[in-house]
Amino acid sequence: MSEVQNDSGLPLKPVYSAEDRREEEPPPGQFPFTRGLHKNMYRGRLWTMRQYAGFGSAAESNKRYQFLLKQGQTGLSVAFDLPTQIGYDSDHPMANGEVGKVGVAIDSLEDMQILLKGIPLDKVSTSMTINATAAMLLLLYQLVAEKQGCPPEKITGTVQNDILKEYAARGTYIFPPKPSMRLITDLFAYCGRNLPNWNTISISGYHIREAGSTAAEEIAFTLSHAIAYVEAAQVAGLEVDEFAPHLSFFFASHMDFFEEVAKFRAARRMWARIMRGRFHAADERSLALRFHTQTGGVTLTAQQPLTNVVRTTLEAMSAVLGGTQSLHTNAYDEALGLPSQNAAELALRTQQVIGYETAVPLVADPLGGSYYLENLTDRVEEEAQAIMAEVDELGGAVACIENGWTQRRIGDSAYRLQRRVESGERVVVGVNRYAETDAEPVEIMKISPRHQVAQSRALKRLRARRSNEVVERHLAEIERAARGTDNLMIPLKAALADYVTIGECCAVLRGVFGEYRPGEAA
């Protein structure tokens, strides 16, 4: 009989027994947290149900957030359009055709005020998926919170702020790695002094997995990037226990149900040991790998899209059984376009059914003790450790990105899986098996080009109201700080408070730092 392998290439036996697991794990809430971060897990409180949303204008996105909060969503998750992600204002030629398409367009404090209108930021936790311009979006969020009278300690949430995975897998970078890492550590230091309960980074394996990596590669590269951030923060003079409790992670949940659960367990265990053994962290919060999960975007199919409801449900259950702290469930129509309101509501209801109807959350780590799962956890960890050792030998995560090794490895894994799909060895229902030619069409949500026109007009009015002298003074201060060593968050906040735009700030930083081109060193 030929060997059976899963998508990651791990051989699978037909039956597992006690001999297949390494050792008994401590209970949930105890180091190294393999079985969960908290003793009672979801009995204390369910994971945060945080649906990723944002499109078109700030006003339209605000309506979607208000709708989701009324439906029982427990945290916001903001998607920004590509111009916002790479530091161009909506009226810039590079923004043409992309304004409001894959997220909301935010050019200035004016837009952020509209986006968050009527949302009590002292009560709602917000995740912002933003990286190259993370410092600016966080400052805009803080400025709106201050206008609401929200005390700094009540401003809670996460900014993704993970630039290394942009170079490795996603592509929305602006500056070379070294100045990008400076922006990240400046943000760490700023939040340590000013926003004590804000999570300063969400180190993301999600986009690495979506680009085609295996489960072990996802956690190996993510933890290697996390090590690079910790080392950069230490070089910048920060103590590990000052910032490490505010590090968080972001993983994908794909279709190999048990491997995904094993991956989450292995990642938690590995990070706890890295922080204690490599960085000598003393604060237990520094050892705890807290993570958000999103169900797999690339696992969704444009063919027979309602089948995606089943895929998303299974992936969400893997995340819950793996002990996630926060979860986004994809909408069934996302392989075709932005999620419609009905599809977004059903995605949220999927989480709520798991949370309130299945009784799964009533027991911490209900799969603990499974011979198969614990063996799989060990093997995913062993594979991930071997990859991380290779990264270290090659000079670390930044060096591996700069020489293209990380990107090539992810590409090779993506190619292997695609070959299996195309050969029919790996079945995708509705695509290479049980395909239908006369399936019911799904209505696709489309973003009108009028958003770009409206945003450009609003920017023109904003610029006409401002004092050019004030703007120029702020931009000169940003340039001075960028050429020196001062924390960039301070002049950026002052500029943004006076309605200097993100694009104007980034233009100054581009002039000092330059732009990253793949294949170039820092």
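Residues that satisfy the side-chain contact (heavy atoms from CB on, under 4.5 Å) test with Thr307, not counting sequence neighbours, are Gln304, Arg311. By the side-chain hydrogen bond (donor to acceptor under 3.5 Å, both in side chains) test, Asn197 pairs with no residue at all, sequence neighbours left out. By the salt bridge (charged side-chain N to carboxylate O under 4.0 Å, His left out) test, Arg278 pairs with Glu231, Asp392, sequence neighbours left out. Here Thr34 pairs with Glu25 under the side-chain hydrogen bond (donor to acceptor under 3.5 Å, both in side chains) rule; sequence neighbours left out. Taking Arg45 as the reference, Thr48 meet the side-chain contact (heavy atoms from CB on, under 4.5 Å) condition, with sequence neighbours excluded. Qualifying ring pair (Phe, Tyr, Trp, His ring centres under 6.0 Å) partners for His254, counting only residues two or more places apart in sequence or in other chains: none. The side-chain hydrogen bond (donor to acceptor under 3.5 Å, both in side chains) check on Arg64 picks up nothing, with sequence neighbours excluded. Qualifying ring pair (Phe, Tyr, Trp, His ring centres under 6.0 Å) partners for Phe258, counting only residues two or more places apart in sequence or in other chains: Tyr372. Scanning for side-chain hydrogen bond (donor to acceptor under 3.5 Å, both in side chains) contacts around His246 gives an empty result, with sequence neighbours left out.
Of the residues Ile184, Leu187, Ile201, the one that meets the side-chain contact (heavy atoms from CB on, under 4.5 Å) test with Val159 is Leu187. None of Phe221, Phe250, Phe251 except one satisfies the ring pair (Phe, Tyr, Trp, His ring centres under 6.0 Å) rule with Tyr206; the exception is Phe250.
Electrostatic pairing of Glu381 and Arg22 counts as a salt bridge here, judged by a charged N lying under 4.0 Å from a carboxylate O. With respect to Arg209 and Glu260, a salt bridge is recorded, a charged nitrogen being found less than 4.0 Å from a carboxylate O.
Counting only N and O atoms by type, the side chains of Glu422 and Gln418 include a donor and acceptor under 3.5 Å apart. Under 3.5 Å, the side chains of Tyr173 and Ser180 contain no donor-acceptor pair of N or O atoms. Using modelled atom types and a 3.5 Å distance limit, the side chains of Thr214 and Arg416 yield no donor-acceptor pair. Between the side chains of Glu217 and Ser413, at least one donor N or O sits under 3.5 Å from an acceptor N or O.
Although no hydrogens or angles enter the test, the distance criterion places a donor-acceptor pair under 3.5 Å between the side chain of Glu166 and the main chain of Thr172. Asn62 places no side-chain N or O within 3.5 Å of a backbone atom of Ala58 that could act as its donor or acceptor partner. Counting only distance, with no hydrogens or angles, the side chain of Glu210 and the backbone of Val298 share a donor-acceptor pair below 3.5 Å.
Using a 4.5 Å cut-off on side-chain heavy atoms (C-beta onward), Arg50 and Leu327 make no contact.
For CZ of Phe257, the number of neighbouring non-hydrogen atoms (other residues, nucleotides, ligands) closer than 6.0 Å is greater than 12.
Identified under the side-chain hydrogen bond (donor to acceptor under 3.5 Å, both in side chains) test for residues 65-74, with sequence neighbours left out: Gln71-Arg349.
In this structure, Lys165 is not positioned above the aromatic face of Tyr167 in the sense of NZ or CZ being under 6.0 Å from the six-membered ring centre and within 45° of the axis.
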Practice task
Kindly indicate, with the supporting measurements, whether the criterion salt bridge (charged side-chain N to carboxylate O under 4.0 Å, His left out) is fulfilled by Arg21 and Asp378.
Solution key: CA-CA 8 Å; Arg21 66 181 188 180; Asp378 294 341; over 6 Å; no
When the side chains of residues 286-293 are checked against the rest of the protein, which donor-acceptor pairs come out under 3.5 Å, sequence neighbours left out?
{"unit_1": "Ser286", "atom_1": "OG", "unit_2": "Asp241", "atom_2": "OD1", "d": "2.6"}
{"unit_1": "Arg290", "atom_1": "NH2", "unit_2": "Pro245", "atom_2": "O", "d": "2.7"}
{"unit_1": "Arg290", "atom_1": "NH2", "unit_2": "Leu247", "atom_2": "O", "d": "2.7"}
{"unit_1": "His292", "atom_1": "ND1", "unit_2": "Ser326", "atom_2": "O", "d": "3.4"}
{"unit_1": "His292", "atom_1": "ND1", "unit_2": "Ser326", "atom_2": "OG", "d": "2.7"}
{"unit_1": "Thr293", "atom_1": "OG1", "unit_2": "Thr324", "atom_2": "OG1", "d": "2.8"}

Under 3.5 Å, which donor-acceptor pairs do the side chains of residues 359-371 form with other protein atoms, sequence neighbours left out?
{"unit_1": "Asp365", "atom_1": "OD1", "unit_2": "Arg265", "atom_2": "NH1", "d": "2.7"}
{"unit_1": "Asp365", "atom_1": "OD2", "unit_2": "Arg35", "atom_2": "NE", "d": "2.5"}
{"unit_1": "Asp365", "atom_1": "OD2", "unit_2": "Arg35", "atom_2": "NH2", "d": "3.4"}
{"unit_1": "Asp365", "atom_1": "OD2", "unit_2": "Arg265", "atom_2": "NH1", "d": "3.1"}
{"unit_1": "Ser370", "atom_1": "OG", "unit_2": "Leu373", "atom_2": "N", "d": "3.1"}

